[in-house]
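In what follows, chains are A, B, ... by sequence order, proteins preceding strands, each numbered from 1.
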Number of protein chains: 2
Amino acid sequence: MSTLAQNKADLERASTAQKVADMLRERVLDGELEPGLRLSEEAIGGALGVSRNTLREAFRLLTRDRILVHEHSRGVFVRRPTGADVRDLYAARRVIECGALRLWNDVTEAQREAVRAPVRQAVARAEKNDFSKTGSANIQFHRGIVGLAGSTRLSDESDRLFAELMLAFRVAHEVDAFHQTYLPWNRRIVELLNNGTVEQAVQQLDEYFDAAEKDLSGRLLAD
Amino acid sequence: MSTLAQNKADLERASTAQKVADMLRERVLDGELEPGLRLSEEAIGGALGVSRNTLREAFRLLTRDRILVHEHSRGVFVRRPTGADVRDLYAARRVIECGALRLWNDVTEAQREAVRAPVRQAVARAEKNDFSKTGSANIQFHRGIVGLAGSTRLSDESDRLFAELMLAFRVAHEVDAFHQTYLPWNRRIVELLNNGTVEQAVQQLDEYFDAAEKDLSGRLLAD
DNA sequence: GATTGTGGGATTGTTGAACGATTCTACGAT
DNA sequence: ATCGTAGAATCGTTCAACAATCCCACAATC
């Protein structure tokens, strides 16, 4: 039965539009397609060998994820988050993640481990001066926090918020360095959780959001 | 300047796909198109006088809002929420709304009024034995709570959660009667908020979610 | 009788071309 | 320098076509 579940992903062959969307999403989040860039239907479609209709469908999928923005009769652009966007994003994250973290004592051990593990790995790498994956580790930590709520809808929406924040980092010309700053914060939160002082951990997380929002929006204004 | 803002909506003429999507959304939420129904591209497109491509774009918009579900090479269907969906929805709402409600003392008076007003109106109508709009009033109450967070992204996602719940009510053959039951709960929450006992209001809201989830999933199983 | 092929028919997935509508750009008039 | 206008480029929408896939009914097999 487990093998069947594994094969399921293969059987569910993605549509052409889905594959194109995945490719474009990767390009955008990797920074090859910079925020603000306009994506011409003809140029992209010709380069990828898909028809305009299929490409437009891929654009729609990425618009749903807030990776792209659509302007009527003007085309689609790589999203370029503003200071107001960053405030909105952190307001949402504050409510979601602080709320989820308060459930710490009511969830399974596997859920708790999904919060601890990313921090443990990041600490291990940092001790070896390896800061290559601190960005994704930080995101995994916060994904784990959202996962405490046990709602796929909430986790999916949070993934969209994270993706949008990655674009904001890109605009601020900060990607890895940004996350790196906050590893000590994550350690402290995990320690407080392990000590059973959940409310203190929540408060610490809230302060983290304050600092991160201020830092990021400050860099955005300078741009 | 205010007139300019008013005209803005007119200038931003909706695309054909958007108009089609709005029409279909209304039909679905009104119950004319029942959960589980398959929407044929040819039939719907022919009836509305739009091409398949445009209709497919409208379908994508509604799929984003979780009103429709798309199955590869099989078509789109009106979403039919299951018991698992209801649990997931309430897990998300619990985190979002309880988290937002905790911000009660940190928001503007206008935001607080957006929570109180729907309950006041519902009470006034109930005293006149008018239960016509209790459903939308209940939703307005919860929209107000989410609005305390001050995040359009969070509010938009919550609207999608609400729409999905409306479909679940439809499957459970309960729409207005369901909301009506919970007016007393809403009153109590507002009273606790006005008394300044925010944490008690949050706890009351949490219990509301427990009761509502149990009630709704029970009716779903019976179906 | 239940399960397993095996057709044909209907529907979706994708492409390509076409044309009106809208936006952008550059040039020239005031 | 500002404004208006013509032309080019691009988007929005439709239509037609064909391949790929799914569904359903019927026959074959155990």
Phosphate contact ([N] OP1 or OP2) by [X] side-chain N/O below 4.0 Å:
| X | N | value |
| --- | --- | --- |
| A/R56 | D/dG12 | yes |
| B/H70 | C/dG13 | yes |
| B/S73 | C/dT12 | no |

Separation of [X] atom [atom1] from [N] atom [atom2], in whole Å?
| X | N | atom1 | atom2 | result |
| --- | --- | --- | --- | --- |
| B/R52 | C/dT11 | CZ | P | 11 Å |
| A/Q18 | C/dT14 | CD | P | 10 Å |
| B/E42 | C/dG9 | CD | C1' | 13 Å |
| A/I44 | D/dC11 | CD1 | C1' | 15 Å |
| A/E57 | C/dG13 | CD | P | 8 Å |
| B/F59 | C/dT12 | CZ | C1' | 11 Å |
| B/F77 | C/dT11 | CZ | P | 12 Å |
| A/R60 | D/dG12 | CZ | C1' | 11 Å |

Self-check item: Side-chain heavy atoms of B/L165 within contact of B/L216, under 4.5 Å
Solution: yes
Self-check item: Base C/dG13 to side chain A/N53, donor-acceptor N/O within 3.5 Å cut-off
Solution: no
Quiz item: Closest heavy-atom contact between A/R94 and A/D210?
Solution: NH1-OD1, 2.7 Å
Quiz prompt | B/E71 vs A/G75, nearer the 5' end of DNA chain D by closest nucleotide | solution = A/G75
With respect to the side chain of [X], which nucleotide from [options] is positioned closest?
| X | options | value |
| --- | --- | --- |
| B/T16 | D/dC11, D/dA17, D/dT14 | D/dT14 |
| A/R38 | D/dA17, D/dT13, D/dC11 | D/dC11 |
| B/S51 | C/dG13, D/dT14, D/dG12 | D/dT14 |

Practice problem: Looking at every strand, decide which applies to A/E41 at a 4.0 Å heavy-atom threshold: base, sugar-phosphate, or nothing. | Solution: sugar-phosphate
Practice problem: Kindly determine whether A/D85 and A/R80 satisfy salt bridge (Lys or Arg N to Asp or Glu O under 4.0 Å), including the steps that lead there. | Solution: CA-CA 9 Å; A/D85 288 324; A/R80 196 166 200 289; over 6 Å; no
Quiz prompt | Residues B/R60 and B/E57 bridged, charged N to O under 4.0 Å | solution =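 A salt bridge is absent here (no side-chain N lies under 4.0 Å from a carboxylate O).
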Quiz item: Is B/D215 paired with B/R219 through a side-chain N to carboxylate O contact shorter than 4.0 Å?
Solution: yes
